[in-house]
Amino acid sequence: MLILGIESSCDETAAAVVSDGSKALSNVIASQIAIHEQYGGVVPEIASRKHMEAILPVIERALDDAGVSIRDIEGIAATRGPGLVGSLLVGLSAAKAMACAARLPFAGVNHIEGHIAAIFLADKKPSFPFVALVVSGGHTHIYRAGGVGDFQILGQTRDDAAGEAFDKAARMLNLGYPGGVVIDRLAKSGNPAAVRFPRAMKGSVDFSFSGLKTSLLNHVKGRGEAVSPEEMPDLVASYQEAIVDALVEKTLMAAKDASIPRVVVCGGVASNSRLRERFFAEGKVAGIEIFIPQPVFCTDNAAMIAVVGDHLLRTGRHDSLDLNAVSRWPLN
Ligand code: KG4
Ligand code: ZN
């Protein structure tokens, strides 16, 4: 079955064609980063306007890249939430209009479920049940996935999301937006043990990153002078290590507690090279199999939305064309 997926929940306008819920034939992503960068974060009104400009060319390009036309498509899936409603509405409306015009079944998809489902685009797919760590700009949740659409929260952040911890640190250090990518790159040449940042809530499967952020602020202020470019790699490598420690330790703990030897790590932060390296190494030691999508399917994309759409439409769960966008939509 060929599904066209559409994603516009935040600052990426994306469309993709996926075959049988497992193979991306195309994956087009128009990023607005360059525009929002100057404001240090996503400006919702600008995001909606940019989505409107990009949505049709992005969809056309996704069909072209896959070498198909709308007549070959068997169903359309779009992100319904959670996200910025003004942004979501652009992709959702385009999807509904196309479904109506081409008389195709349509499904609204949960963005977080999409992040988890991205793992089914990989060659190595996990079997159920598995433990899923979703780490993005707005989410840091550990779920038990018992089957498609069957999720139970095992742990979550009490304050900031992991992606936010990266983005806020980068802003504090004037490294630009989005912070995760810059810190990932700079940290490669730094010593992760140079500065000892606190590890919060040890022994629990819940997270807290706000103390870490404050600790970075105190560290920078306490020096009385700006962090030099030579010192930056050590500082960000140490900060990143505190986040990675928490994510790896707590997720493996949750998997052990649940007696599930399979862990899926997904969401934008899962593209972090140190996080990937540590999960694979420590999963091996713990006897837990680690599954992480390719980096391009970790950050926001529409192929992951098409994977969920494939399952929904295959099992007869169509949505009607009056489906609305929602800013909040808990998975469980
Ligand atoms: O999943 P995503 O693309 O969008 C949301 O659904 O939020 O995640 C975006 C988040 C941002 O906070 C960004 O800084 C972070 O993912 N991120 C990274 C990396 N690439 C993106 N964090 C750490 N290392 C990276 N390489
Ligand atoms: Zn996302």
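We count ligands from 1, going down the list as the structure has it; atoms in each ligand are counted the same way. Every value quoted in this text rests on a predicted model; they were computed, and no experiment measured them.
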Do NZ/NE/NH1/NH2 and the carboxylate oxygens of [X] and [Y] come within less than 4.0 Å?
| X | Y | result |
| --- | --- | --- |
| Arg223 | Glu231 | yes |
| Asp160 | Lys168 | yes |
| Lys213 | Glu164 | no |
| Glu241 | Arg278 | yes |
| Arg199 | Glu249 | no |
| Arg314 | Asp20 | yes |

Taking all atoms of both residues into account, what is the closest heavy-atom pair of Ala62 and Val17, and its distance?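 Between these two residues, the closest heavy atoms are O-CG2, 3.7 Å.
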Just heavy atoms, cut-off under 4.0 Å: does His139 contact ligand 1 by side chain, backbone, both, or neither?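 Looking at His139 and ligand 1, no heavy atom falls under 4.0 Å.
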With heavy atoms only and a cut-off of under 4.0 Å, state how Asp184 meets ligand 1: side chain, backbone, both or neither.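 The answer is the side chain of Asp184.
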Give the atoms of ligand 1, by number and element, whose distance to some non-hydrogen atom of [X] is under 4.0 Å.
| X | answer |
| --- | --- |
| Val181 | 19 (C), 20 (N), 25 (C) |
| Val269 | 15 (C), 16 (O), 18 (C), 22 (N) |
| His111 | 6 (O) |
| Gly163 | 12 (O) |
| Gly138 | 7 (O) |
| Gly180 | 14 (O), 18 (C), 19 (C), 22 (N), 23 (C), 24 (N), 25 (C), 26 (N) |
| His115 | 1 (O), 6 (O) |

For [atom], what is the closest protein heavy atom, and at what distance to 0.1 Å?
| atom | value |
| --- | --- |
| atom 24 (N) of ligand 1 | Asn272 ND2, 3.0 Å |
| atom 2 (P) of ligand 1 | Asp300 OD1, 3.4 Å |
| atom 19 (C) of ligand 1 | Ser271 OG, 3.5 Å |
| atom 11 (C) of ligand 1 | Asp167 OD2, 3.5 Å |
| atom 9 (C) of ligand 1 | Gly137 N, 3.7 Å |
| atom 17 (N) of ligand 1 | Gly268 O, 3.6 Å |

Is the NZ or CZ atom of Lys124 both under 6.0 Å from the centre of the six-membered ring of Phe291 and within 45° of that ring's axis?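 Yes, Lys124 and Phe291 form such a contact.
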Hey, which protein N/O/S atoms does the Zn ion (ligand 2) have under 2.8 Å?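 Metal shell, protein only: His111 NE2, His115 NE2, Asp300 OD1.
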Just list the side-chain donor-acceptor pairs under 3.5 Å for residues 99-108, sequence neighbours left out, or say none.
none

Side-chain (Arg80) to main-chain (Val326) donor-acceptor, under 3.5 angstrom: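 No, Arg80 side chain to Val326 backbone: no donor-acceptor pair under 3.5 Å.
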Under the 3.5 angstrom rule, does the side chain of Asp159 hit a backbone N or O of Ser210 as a donor-acceptor pair?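 Yes; judged by distance alone, with no hydrogens or angles, the pair exists.
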For the atom pair OG (Ser9) and CG (Leu92), what is the distance rounded to the nearest 0.5 Å?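 Ser9 OG to Leu92 CG: 11.5 Å, rounded to 0.5 Å.
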Can you measure from CG (Leu216) to CG (Leu235) and round to the nearest 0.5 angstrom?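 Leu216 atom CG to Leu235 atom CG measures 5.5 Å (nearest 0.5 Å).
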Determine the interplanar angle of the His139 and His141 rings, folded into 0 to 90°, and report it as parallel if under 30°, tilted if 30 to 60°, perpendicular if over 60°.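 Judged by the thresholds at 30° and 60°, the geometry between His139 and His141 is tilted.
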Polar contacts were defined as any N/O atom of the residue lying under 3.5 Å from an N/O atom of the ligand; does this apply to Thr299 and ligand 1?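 Among all N and O atoms of Thr299, none is under 3.5 Å from an N or O of ligand 1.
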